[in-house]
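Each residue takes its place number in the sequence, starting with 1. Every heavy atom of this structure was used, including side-chain atoms; hydrogens, water molecules and symmetry mates were not. Keep in mind the model is a prediction, meaning the values are calculated, not measured.
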Amino acid sequence: MKELDLLKKDWQKNDAFEQVSEQDIYTMLHKKSSSVVKWILIVSILEFVILNGIAFFINDKAYDKIMSLYPFLSVLDKVNYVIIIVFIYFFYRNYKNISVLQSSKKLIEHILKTRKIVTYYIYWNIIIGGFSGAFGAIESFSVGHNSSALEKINISNNILTIFIVMLLIMGFLWLFYKLLYGSFLRKLKENYSELKKIDL
């Protein structure tokens, strides 16, 4: 935010150009916010394409067997595709809306909205990844200790194991998404704070 600090210092030195300086600050914050939301959109699309591309090209018979043993996981997988695509659409719509905004108040609203959607997106991926990943991890572990075909695990007798594995996977995913989207959310928060000062 060095450019913004320089603009603010210049603004404070010369009150005659107060309105111009305020507009300059808004323009800079608008540009930065639009760029951040654009990168959120790009990263989410790349994430979707890469992760699903890897799953598509890797012919994993054990994975297919797990899906056949647990039909609800297959349904959940398809629901997840739809929900992720909806999230990507929201990111795209927010980017288009922010790109044409002319009001600091509206920009503040869209920054808050974008941060909220990204947070929901992260929570969804962590929960769905932890839940489905726990079953896959336990079944894969069973394969390593049993050369025969996969056998359906007794869920009622393995609730604690599933829960522990799910927490471990969710913790890993939380770190992954914190690294992936954390900087975007911080930048949006900084822009929001500066815009609030202008709006006041």
Side-chain angles (χ1 to χ4, degrees), residues 1-8 24-56 76-77 79-101 103-137 162-200:
M1 305 290 282
K2 290 181 180 178
E3 315 96 291
L4 183 57
D5 291 334
L6 290 172
L7 272 175
K8 288 167 71 177
D24 288 342
I25 292 173
Y26 167 76
T27 301
M28 182 178 293
L29 290 171
H30 179 267
K31 184 178 179 181
K32 285 177 175 290
S33 300
S34 178
S35 177
V36 171
V37 177
K38 180 179 73 174
W39 275 106
I40 289 173
L41 172 64
I42 291 171
V43 170
S44 65
I45 292 173
L46 288 174
E47 179 191 350
F48 179 81
V49 171
I50 291 172
L51 293 181
N52 288 289
I54 291 172
F56 179 79
L76 195 61
D77 197 41
V79 171
N80 184 46
Y81 280 127
V82 174
I83 291 178
I84 295 300
I85 289 171
V86 170
F87 271 118
I88 291 174
Y89 167 74
F90 282 145
F91 293 151
Y92 170 76
R93 192 177 67 176
N94 280 349
Y95 168 64
K96 297 298 290 184
N97 288 337
I98 285 178
S99 298
V100 298
L101 288 177
S103 162
S104 60
K105 186 172 291 187
K106 286 291 183 182
L107 183 54
I108 288 172
E109 291 175 5
H110 276 78
I111 286 176
L112 289 175
K113 185 177 181 181
T114 301
R115 280 175 54 83
K116 188 180 293 186
I117 293 173
V118 172
T119 301
Y120 290 155
Y121 172 78
I122 291 172
Y123 285 161
W124 170 259
N125 279 295
I126 289 174
I127 293 170
I128 204 73
F131 184 76
S132 57
F135 281 89
I162 293 171
F163 182 72
I164 292 172
V165 174
M166 185 170 67
L167 287 180
L168 290 172
I169 294 173
M170 289 173 70
F172 171 78
L173 289 173
W174 180 80
L175 288 173
F176 170 76
Y177 282 107
K178 186 179 172 108
L179 290 172
L180 194 61
Y181 292 96
S183 62
F184 296 142
L185 292 177
R186 282 193 300 273
K187 288 176 183 177
L188 286 177
K189 186 177 181 180
E190 289 173 1
N191 292 352
Y192 166 79
S193 298
E194 295 298 334
L195 281 165
K196 284 292 288 183
K197 294 175 185 177
I198 296 176
D199 194 52
L200 292 174

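- A 4.5 Å side-chain heavy-atom check between S183 and R186 finds at least one atom pair inside the cut-off.
- Expressed to the nearest 0.5 Å, how far CD1 of I40 lies from CG of L180 amounts to 10.0 Å.
- Nearest heavy atoms, Y181 versus E47: OH-OE1, 2.9 Å.
- Considering every non-hydrogen atom in both K189 and R115, the closest pair reads CB-NH1, 3.5 Å.
- No option in V165, I126, I128, N125 other than I126 meets the side-chain contact (heavy atoms from CB on, under 4.5 Å) test with M170.
- Here the CD1 atom belonging to I42 is positioned 12.0 Å from the CD1 atom belonging to I88, to the nearest 0.5 angstrom.
- For the pair G130 and L173, the tightest heavy-atom approach, listed with the atom from each and the gap, is N-CD1, 3.9 Å.
- With values rounded to the nearest 0.5 angstrom, I45 atom CD1 is found 12.5 Å from I84 atom CD1.
- Within the model, atoms OH of Y120 and CD1 of I83 stand 14.0 Å from one another, a figure rounded to the nearest 0.5 Å.
- Of all heavy-atom pairs spanning F91 and V37, the tightest one is O-CG1, 3.9 Å.
- Heavy atoms from other residues, nucleotides or ligands lying under 6.0 Å from CZ of F48 number more than 12.
- Formation of a donor-acceptor pair under 3.5 Å by the S35 side chain with backbone atoms of K31 is not found in this model.
- Here OG of S99 is found 10.0 Å from NE2 of H110. Values are rounded to the nearest 0.5 Å.
- In plain terms, the two heavy atoms of I98 and H30 that are nearest each other are O-NE2, 2.5 Å.
- For the pair L188 and Y192, the minimum side-chain heavy-atom distance is 4.5 Å or more.
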Stepwise side chain to side chain contact (heavy atoms under 4.5 Å, CB included) test for F172 and L168: CA-CA 6 Å; F172 171 78; L168 290 172; over 6 Å; no

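- At least one donor-acceptor pair closer than 3.5 Å links the side chain of S44 to the backbone N or O of L41.
- Side-chain atoms of Y81 and D77, non-hydrogen and from C-beta on, do get closer than 4.5 Å to each other.
- Aromatic pair F90/Y121: ring centres not closer than 6.0 Å.
- Remark: F87 CZ to N80 CG distance equals 10.0 Å, nearest 0.5 Å.
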